[in-house]
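Quick note: numbers below take in every heavy atom, side chains included, and nothing from hydrogens, waters or symmetry partners. Every chain is numbered from 1 and lettered A, B, ... according to where its sequence line falls, protein lines coming before strand lines.
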Amino acid sequence: MTSESRVRTRFAPSPTGHLHVGGARSALFCWAFARRYQGKFLLRIEDTDQKRSSVDASQGFLEDLSWLGIDWDEGPKWKSCGGGDTGPYEQSQRLDIYDRYMQQLLNSGAAYRAFETPDELDAARRQARAEKRAYKYNRASLSLDEATIKSYLDQGRPYVIRFRIPDDQPVVVQDAVLGEVRVEAGELEDFVIRKADGFPTYHFAVVVDDELMGVTHVIRGQEHLANTPKHALLQDALGFTRPVWAHVSLIFNPDGSKMSKRDKDKALRSEVRARGLTAPPDDSDIDTASFEHWLADKHAQLDTDTATRLAQALGVTLPEINVDDFRRAGYLPEVLLNYLALLGWSPGGDLEQFDRAFLADHFDLDRIVKSPAKFDRAKLLAFNLDAIQDMEAVHFVDCLREFCKVYEPSFLDMMTPEQFDCFALSNKERCKTLRDPVDSGRFFILDDLAIEWPDSKPIRKALCKGSPSGFDRLEAVRETLEALQNWNADSLETCLTEWAASHCEEQIGKIAQPLRVAVSGGPVSPPIFDTLAILGRESTLARLDRCIASRSALEGAAT
RNA sequence: GACCCCAUCGUCUAGUCAGGUCAGGACGUCAGGUUUUCAUCCUGAAAACAGGGGUUCGAAUCCCCUUGGGGUCGCCA
C-alpha cells in the first residue's frame, strides 16, 4: 500500500448524550480497521445542530472511548490522543470551509436557495401523507427568477440551500459489506445542505470533511445507508473522490426493538404516562418546566444523573445502553470491546474470545456480518466472568479498587487496605462483574448494629431448623471463636474444621451457614473463613451476639 | 405507504464468495455431578439452514417468488 492510499477512518459522533454501544461498535470497527492497515483513526465532533450540542456530552464520548481502549490519532485533544493537521475537528469551527464549497455548488447550479418555511414544508408533507403519496420536495424554489430571489434576499427572508439532484440517472454505490446498492433516478429529493442558520446539514459537512481529512473508508451504521447515495452525488458534484463505504447492521434489544440511546427516556416516559403524572415526582429534583418539555418531546433526553434520579423516584430499572452504563454495571472494558466486536464481526472458525491486539491484527471488512444482531447480556456476562477468572489476582484487586473509587467509595473508606485486599480476593472466583462484590458484600461495611435477621425461609433454615439448630451451634461455637489466637482465614479454617469434626459430624456446612447468616444477615457471602477474617474478631462476635439475642423473636415468628 | 437492506439452533455466529463432511462453536436452557452459601467448576442432552419454485448427479451455499424482520423518508446526526 502506498502512503497516498494509507487507510484513514473516522468516527464522527454528534455530541448528544453518551456514547451508546452501537456507536462504540462503529468506532471500534473504524479503529480496528485503521490499526490493521497501519492507517490513521480520526475523531470528529459533528456539532452542527446548535440546539442539541453540548460541550459536556463530547467530553463524555472521549472518556468512554478511551475507557474502552480506543485511541484516536487525530481529533480533539484528550490525554495522549488527538491533534493532527486536518482540523479543526469540531464542525462548528469549520463554517467558513463549508461556505466555500457551498458557493462552488451555487455557482455551478448544482445547488440553489429555497425559501419555503418549515411550516409550509410540514403542511406539504402532511398532505402527501393524507393522500398516501410519497413526499418529495417539489422544487418550487428552483424556478424562481433572479429578480425574485434578489428581492427575497433584500427583504432578509430566511432561506436554505438545497442540492439539486441530477435527473434521470440511477445512483449506484459500492458497499464493502453489502455489495452494490442501487437507487433509481427520481427516488431522491433535493435535500437541504445548508440550514437557515447558516450551518451546513450533516450531509454536506460529512462529505466536505471526509474529503478534506482524507478519509478513505467510511464504516458506519446501516441507518446511514439511505443517505449514502446523497453523499455520493454530492461528492461527484464537488469533484471529490468517493470513499469505500462499509455499512454495519444495527444492534437490537433482545425483544427486537432497536437499541437506541433514547431507550432510557422511553422507559421513563412510559412509566410517567402509565402513572398519569403531569409533574415531576417530589424527590426527583427536576424542575417542572424541563420535565414538561421532556415529556412532550420524544426526542428530548435527560442527562444521566437526572434520568437516574427520576428512575429511582419511579422505581424503574434503566436499560444499559451506553458504554458508561456497562462501566457502572461492573463490566471490564476489554470484555465489552470483545463482545462488541463479536456483534457483527467474527474472526472465523470457533474463536470468540480475543483482545484488542488481536483485532488490530486481524480485523477486516470482509468478515462483517450483514444481518442485524441482538444484544445478549447473558453472553456478555459470561465473557466478563471468564475474564475475571483469568485475571492475575493482584490485577483484579486493582480493578475492583478502581471501580470502588469511582462508584462505591464507602468500601474503601470503611475497610483497611488489608481488609479490602482480602475482600477482593475472596470475591474473585465468584463474581461476574465488579459490581457483584459490592452488591452482595454490602453487609461488610454496615455497622454491626445495623445487621438484621428478617424472617425468611433461608434464614430460618440456617438458624432455627434441626436439632441442634443453627442457633444452638452458634451459642456453642462462640467461645471457641473468642478464644482463637490469630484471627485470619487459615486459623479460622483450622479452628472451625476441628470444631465441626467434634460438633457437626465433620459437616462444616452445619456451622458455616449459621455463621454466615449471623454475620451478614442473609444466606450469601464469600467463603465463610474469608468472611469472618475480613470482618475481624470484634465485629464477628458483636454480630454473633446480636444474632443470638434475636433468637426468641425469630423462633416466635416461625411458629 | 414508497424506497433500500437483511434472513443458519432461543441468542451471537462458523460454513455461502470458488455447490459435495451425521450443519461446527459459544451463550442460554434442561438433566446429572463437585462444592460451607451464592457464584463457579465438570459431564451429558435437546436445539437451526423461514416457505415455495427452479439450476444441478448433488443446494444452507447459485437464481426467482413469497413471507418475515429492519432501516430511511427532518432546516437531527
(message) Side-chain N or O of A/Ser346 versus OP1/OP2 of B/A14: is the shortest distance under 4.0 Å?
(response) yes
(request) Check whether any side-chain N or O of A/Thr48 sits under 4.0 Å from OP1 or OP2 of B/A77, and answer yes or no. (result) yes
Rounded to whole angstrom units, what separation is found between the [atom1] atom of [X] and the [atom2] atom of [N]?
| X | N | atom1 | atom2 | value |
| --- | --- | --- | --- | --- |
| A/Ile251 | B/G70 | CD1 | P | 16 Å |
| A/Arg442 | B/C38 | CZ | P | 22 Å |
| A/Ile165 | B/C3 | CD1 | P | 17 Å |
| A/Asp376 | B/C9 | CG | C1' | 13 Å |
| A/Leu381 | B/C38 | CG | P | 18 Å |
| A/Gln222 | B/C5 | CD | P | 10 Å |
| A/Leu121 | B/G74 | CG | P | 10 Å |

Can a salt bridge be assigned to the pair [X] and [Y] using a cut-off of 4.0 Å between side-chain N and carboxylate O?
| X | Y | result |
| --- | --- | --- |
| A/Glu184 | A/Arg182 | yes |
| A/Arg139 | A/Asp167 | yes |
| A/Arg126 | A/Glu131 | no |
| A/Arg435 | A/Asp439 | yes |

When you compare the protein's N or O atoms with those of nucleotides 24-26 of chain B, which come within less than 3.5 Å of each other, and at what distance?
residue	atom	partner	partner atom	Å
B/G25	O4'	A/Asp350	OD1	3.4
B/G25	N2	A/Glu352	OE2	2.8
B/A26	O4'	A/Glu352	OE1	3.1
B/A26	O2'	A/Glu352	OE1	2.6
B/A26	N3	A/Lys379	NZ	2.9

(request) Please determine, for the side chain of A/Val181, which listed nucleotide (B/U13, B/A77, B/C4) has the closest atom? (result)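 For A/Val181, the side-chain atoms sit closest to B/C4.
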(request) State which of B/C38, B/C76, B/C27 makes the closest approach to the side chain of A/Ala382. (result)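 Given the options B/C38, B/C76, B/C27, the side chain of A/Ala382 is closest to B/C27.
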(request) Looking at every strand, decide which applies to A/Ser371 at a 4.0 Å heavy-atom threshold: base, sugar-phosphate, or nothing. (result)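 Sugar-phosphate only.
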(request) Establish, yes or no, whether the cationic atom of A/Arg194 lies under 6.0 Å from the six-membered ring centre of A/Tyr98 and within 45° of the ring axis. (result) no
(message) Please enumerate all residues that pass ring pair (Phe, Tyr, Trp, His ring centres under 6.0 Å) together with A/Phe115, with sequence neighbours excluded.
(response)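 For A/Phe115 the ring pair (Phe, Tyr, Trp, His ring centres under 6.0 Å) partners, ignoring immediate neighbours, are A/Tyr152, A/Tyr159.
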